[in-house]
Amino acid sequence: MKTGAGWLAALVLTAQAPYPTTVERWRQEHEAELRAPDGWLTLTDLIWLQEGPNKLDLGVFELRQGKVTYRATPGSEPVEMKPDVPGPPDIRAVGDRRFHVLRRGPRYGLRVREVNHPRRREFPGLQWFPVRESYRVRAKWVAAAGTLRIPNVLGDVEERASPGHAVFTLQGRECRLSPVVDGSELFFIFKDLTSGKETYPAGRFLYTPLPRGDVVELDFNKAENPPCAFTPYATCPLPPPENRLAVGVEAGEKYRH
């Protein structure tokens with residue numbers, strides 16, 4: 001943590017950095033998170049648990065009416081494992097593997113990571129469209145409490161509260177996107193005419209600051225692929241029908257097919 005004059009110098013440098021530089025810095029940090037020991041590149045399995053005991057090579061996981069207990073060996077004391085909803089989950093380790101319980105709708109599963117997985121070591125890096133100021137959009141924010149029906153790759157549909165929608169113009173066409181709130185940010189799940197071509201077929205994510213009055217900034221240069229673009233063991237949400245754009249957003253993260 002920077003203190004004193006060093007912290008002030010870093011703050012001034014950030015404030016004075018050209019816009020493309022700030023986006024490139026964000027992209028580097030985003031890729032570093034992906035490559036981290038707990039990033040999406042380390043996932044190696046997703047095992048759905050059945051009611052009752054589940055004997056796996058990691059130990060015995062017993063699911064009873066929404067409660068999961070774990071025994072590393074047959075004679076060991078069972079310990080309860082809190083799932084990721086509501087998170088954070090309890091994480092345990094066996095050798096190079098890390099695992100935790102996740103809950104998706106009525107399902108309970110075991111998510112397994114391998115810290116030194118070849119996918120993480122050999123990842124070639126992310127691909128991006130060039131940074132363009134025209135895709136940094138000041139959208140009109142229309143506050144209107146409602147709900148979004150958000151499907152996911154498992155076939156479930158979740159209803160989530162939405163605080164409103166953003167209205168903006170791209171390529172001469174009026175567009176509209178509806179988010180949900182994720183912590184201190186808005187979270188947009190969208191699809192556009194580049195999906196399945198230059199970008200991930202199922203759509204992309206965009207996180208933005210909360211609106212200021214009737215304005216919200218949508219920086220599509222920071223649009224990112226969902227975890228499902230990197231692993232078959234993620235349970236990604238998909239764009240709701242309201243968020244399928246009739247324009248091509250040639251900005252943000254591309255997709256390595």
Side-chain angles (χ1 to χ4, degrees), residues 29-127 150-158 160 182-183 187 189 200-205 207 224-239 253 255-257:
E29 293 170 354
H30 176 67
E31 182 166 328
E33 291 177 359
L34 181 65
R35 292 178 179 273
D38 59 350
W40 294 107
L41 296 174
T42 63
L43 289 189
T44 58
D45 212 348
L46 174 57
I47 305 164
W48 295 111
L49 301 177
Q50 304 298 318
E51 190 74 12
N54 296 259
K55 297 180 181 179
L56 307 173
D57 63 340
L58 291 167
V60 178
F61 298 82
E62 186 159 351
L63 172 62
R64 297 287 183 188
Q65 298 180 339
K67 179 180 177 181
V68 178
T69 55
Y70 167 63
R71 293 176 185 264
T73 60
S76 62
E77 189 71 18
V79 293
E80 184 175 354
M81 292 191 66
K82 185 175 66 173
D84 65 340
V85 179
D90 293 331
I91 300 174
R92 294 193 168 268
V94 172
D96 194 35
R97 292 187 290 176
R98 308 287 184 270
F99 55 92
H100 69 262
V101 175
L102 76 158
R103 178 165 66 88
R104 297 293 181 268
R107 304 178 182 86
Y108 286 81
L110 194 68
R111 174 165 281 168
V112 185
R113 300 179 186 273
E114 186 177 319
V115 175
N116 294 309
H117 193 276
R119 187 185 298 113
R120 179 188 176 208
R121 297 197 311 268
E122 300 166 7
F123 183 64
L126 300 177
Q127 291 183 327
I150 301 177
N152 65 24
V153 297
L154 302 175
D156 301 327
V157 177
E158 181 184 8
R160 293 188 59 179
D182 188 341
F187 175 39
I189 311 167
Y200 189 61
R204 289 180 288 170
F205 295 170
Y207 293 88
E224 61 188 76
N225 287 335
C228 290
F230 306 103
T231 175
Y233 305 116
T235 57
C236 300
L238 301 172
E253 191 175 343
Y255 177 57
R256 291 181 182 272
H257 295 274

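The figures that follow rest on heavy atoms only: side chains count, while hydrogens, waters and symmetry mates do not.
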Side chain proximity check, P83 to L102, heavy atoms < 4.5 angstrom: no
Where at least one partner belongs to residues 35-76, residue pairs that pass ring-ring contact (aromatic ring centres under 6.0 Å, His included), sequence neighbours excluded: F61-Y70, F61-F99, Y70-F99
Counterpart residues, salt bridge (charged side-chain N to carboxylate O under 4.0 Å, His left out), relative to R120 (two or more places apart): none
Pairs where residues 88-99 contributes a residue and the test side-chain hydrogen bond (donor to acceptor under 3.5 Å, both in side chains) is met, not counting sequence neighbours: D57-R97, D96-N116
Validation row: R111, T235 side chains within 4.5 angstrom (heavy atoms): yes
R107: partners by salt bridge (charged side-chain N to carboxylate O under 4.0 Å, His left out), with sequence neighbours left out: D156
Side chain to side chain, E77 and R71, heavy atoms closer than 4.5 Å: no
Any donor-acceptor N/O pair, S76 side chain to A72 backbone, under 3.5 Å: yes
Student check: side-chain heavy atoms of K82 and V101 closer than 4.5 Å: no
Atom pair CD1/CG of I47 and L56 - distance to nearest 0.5 Å: 5.0 Å
Qualifying residues under side chain to side chain donor-acceptor pair (under 3.5 Å), relative to R119, sequence neighbours excluded: none
N54, L63, L110 screened by side chain to side chain contact (heavy atoms under 4.5 Å, CB included) with V68, the one that passes: L63
Side chain E114, main chain L43, donor-acceptor under 3.5 Å: no
Test ring-ring contact (aromatic ring centres under 6.0 Å, His included) applied to Y108 - qualifying residues, sequence neighbours left out: none
For E158, all residues meeting side chain to side chain contact (heavy atoms under 4.5 Å, CB included), sequence neighbours excluded: R160
Any residue meeting salt bridge (charged side-chain N to carboxylate O under 4.0 Å, His left out) with E31, in chain and number order, not counting sequence neighbours: R35
Exam field: side chain T42 to backbone G39, donor-acceptor pair closer than 3.5 Å: yes
Working for side-chain contact (heavy atoms from CB on, under 4.5 Å), residues H117 and L41: CA-CA 8 Å; H117 193 276; L41 296 174; over 6 Å; no
Contact summary for L238 and V153, nearest pair of heavy atoms: CD2-CG1, 4.0 Å
Partner set under side chain to side chain donor-acceptor pair (under 3.5 Å) for R121, not counting sequence neighbours: none
Considering all heavy atoms, the nearest G203-P226 contact: O-CD, 3.3 Å
Separation between CZ of F230 and SG of C236, rounded to the nearest 0.5 Å: 9.5 Å
Shortest non-hydrogen separation from E253 to H30 and the atoms involved: OE1-NE2, 3.6 Å
E62: side chain to side chain donor-acceptor pair (under 3.5 Å) partners, not counting sequence neighbours: R64
Residues forming a ring-ring contact (aromatic ring centres under 6.0 Å, His included) with F123, sequence neighbours excluded: none
Least distance between heavy atoms, P227 atom then A234 atom: CB-CB, 3.8 Å
Non-hydrogen side-chain atoms of V85 and R104 separated by less than 4.5 Å: yes
Sub-4.5 Å side-chain heavy-atom contact between R103 and P86: yes
Heavy-atom closest contact (P53 atom, V60 atom, distance): CB-CG1, 4.3 Å
Contacts of P201 that satisfy side chain to side chain contact (heavy atoms under 4.5 Å, CB included) - sequence neighbours left out: Y255
Heavy-atom closest pair, residues Y207 and E224: CD1-OE1, 3.9 Å
